[in-house]
S.K.: 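Let me begin by handing over the structure; questions about it come next.
Just so it is clear, the values below take in all heavy atoms, side chains as well, and ignore hydrogens, waters and symmetry mates. Just so you know, these numbers come straight off a predicted model, no measurement behind them.
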Amino acid sequence: MTTRGSDLPVSSNAMTGFALVVHEFVTNAAKYGALSTDTGYVDLECRDYGDTLELVWIERGGPSVTPADKEGFGTRLARTTIEGQFGGEIVRQWHPEGLVIRLVVPKGRLQ
């Protein structure tokens, strides 16, 4: 896994929800995605756009991925946390080479 980008403060009130979302991404990558293979990897980038934070999760080198038929608990948890708690947006893109997830969150909701 590689990480790069801005190092932004996250309040203790926001930390648990944000950590649960990232934990869900790691768990799914380990079970079904790039981290389920010896050649897979994840690039994680944090981008600061003034009033918003964008977190981009990019999986490569794993098995081919497709959208799930139904929304599972982890997907609901991530959506509810990002949209409800943080007033942000979560977008998943299933590419043949791997999953890309973009989180866009107002920075004020993280502090």
Side-chain angles (χ1 to χ4, degrees):
M1 177 180 269
T2 61
T3 59
R4 63 182 173 278
S6 304
D7 187 13
L8 300 171
V10 177
S11 74
S12 58
N13 290 338
M15 183 58 69
T16 301
F18 207 75
L20 284 171
V21 170
V22 173
H23 181 269
E24 182 61 27
F25 296 168
V26 172
T27 300
N28 284 342
K31 286 182 179 179
Y32 316 111
L35 300 180
S36 70
T37 68
D38 291 337
T39 58
Y41 63 95
V42 173
D43 283 327
L44 184 61
E45 184 172 358
C46 183
R47 301 172 183 163
D48 183 349
Y49 290 111
D51 291 342
T52 60
L53 161 75
E54 181 181 42
L55 186 75
V56 182
W57 172 279
I58 302 171
E59 297 185 30
R60 297 287 182 259
S64 181
V65 295
T66 57
D69 293 335
K70 61 181 180 173
E71 189 176 80
F73 173 78
T75 301
R76 284 192 311 273
L77 169 79
R79 182 178 43 77
T80 300
T81 301
I82 297 303
E83 294 175 0
Q85 181 179 353
F86 298 129
E89 176 184 24
I90 182 169
V91 177
R92 288 177 177 81
Q93 299 170 315
W94 287 266
H95 300 284
E97 62 276 7
L99 177 64
V100 175
I101 305 172
R102 284 188 165 71
L103 304 178
V104 179
V105 177
K107 285 182 1 187
R109 299 291 285 268
L110 296 174
Q111 300 169 352

S.K.: Kindly give the heavy-atom pair with the smallest separation between A30 and S36, and that separation in Å.
M.R.: O-CB, 3.2 Å

S.K.: According to salt bridge (charged side-chain N to carboxylate O under 4.0 Å, His left out), who are the partners of R109, at least two apart in sequence or on a separate chain?
M.R.: none

S.K.: What are the two closest heavy atoms between P63 and A34, and how far apart are they?
M.R.: CD-N, 4.5 Å

S.K.: In this structure, would I101 and L110 fall into the same cluster of hydrophobic residues linked by side-chain contacts under 4.5 Å?
M.R.: yes

S.K.: If I take atom CD from residue Q111 and atom CG from residue N13, how far apart are they, to the nearest 0.5 angstrom?
M.R.: 12.0 Å

S.K.: Same cluster for L77 and W57 if Ile/Leu/Val/Met/Phe/Trp/Tyr side chains link at under 4.5 Å?
M.R.: no

S.K.: Considering only distance and modelled atom types, tabulate donor-acceptor pairs under 3.5 Å from the side chains of residues 15-27, sequence neighbours left out.
M.R.:
{"unit_1": "E24", "atom_1": "OE2", "unit_2": "N28", "atom_2": "ND2", "d": "3.1"}
{"unit_1": "T27", "atom_1": "OG1", "unit_2": "H23", "atom_2": "O", "d": "2.9"}

S.K.: Holding to salt bridge (charged side-chain N to carboxylate O under 4.0 Å, His left out), I want the full list of residues that pass it with R79, two or more places apart in sequence or in another chain.
M.R.: E71

S.K.: When you group the ILVMFWY residues by side-chain heavy-atom contacts below 4.5 Å and let the links chain together, are V42 and V56 in the same group?
M.R.: no

S.K.: Kindly indicate whether the side chain of D7, heavy atoms from C-beta on, has any atom under 4.5 Å from the side chain of C46.
M.R.: no

S.K.: Do you know the tightest heavy-atom contact between T37 and G62?
M.R.: OG1-CA, 3.8 Å

S.K.: Are V100 and Y32 in one and the same hydrophobic cluster, where Ile, Leu, Val, Met, Phe, Trp and Tyr link if side-chain heavy atoms are under 4.5 Å apart?
M.R.: no

S.K.: Could you pull out all donor-acceptor pairs under 3.5 Å where a side-chain atom in residues 83-94 meets a protein atom, sequence neighbours excluded?
M.R.:
{"unit_1": "Q93", "atom_1": "OE1", "unit_2": "R102", "atom_2": "NH1", "d": "3.1"}
{"unit_1": "W94", "atom_1": "NE1", "unit_2": "T66", "atom_2": "O", "d": "3.4"}

S.K.: Donor-acceptor pair, T3 side chain versus L44 backbone, under 3.5 Å?
M.R.: no

S.K.: Please list all pairs meeting salt bridge (charged side-chain N to carboxylate O under 4.0 Å, His left out) that have one or both residues in residues 37-47, counting only residues at least two apart or in different chains.
M.R.: R4-E45, E45-R47, R47-E54

S.K.: Is there a path of hydrophobic side-chain contacts, each under 4.5 Å between heavy atoms of I/L/V/M/F/W/Y residues, joining L103 to I58?
M.R.: no

S.K.: To the closest 0.5 Å, what do you measure between OG1 (T2) and CZ (R60)?
M.R.: 11.0 Å

S.K.: Who are the salt bridge (charged side-chain N to carboxylate O under 4.0 Å, His left out) partners of D48, not counting sequence neighbours?
M.R.: K107

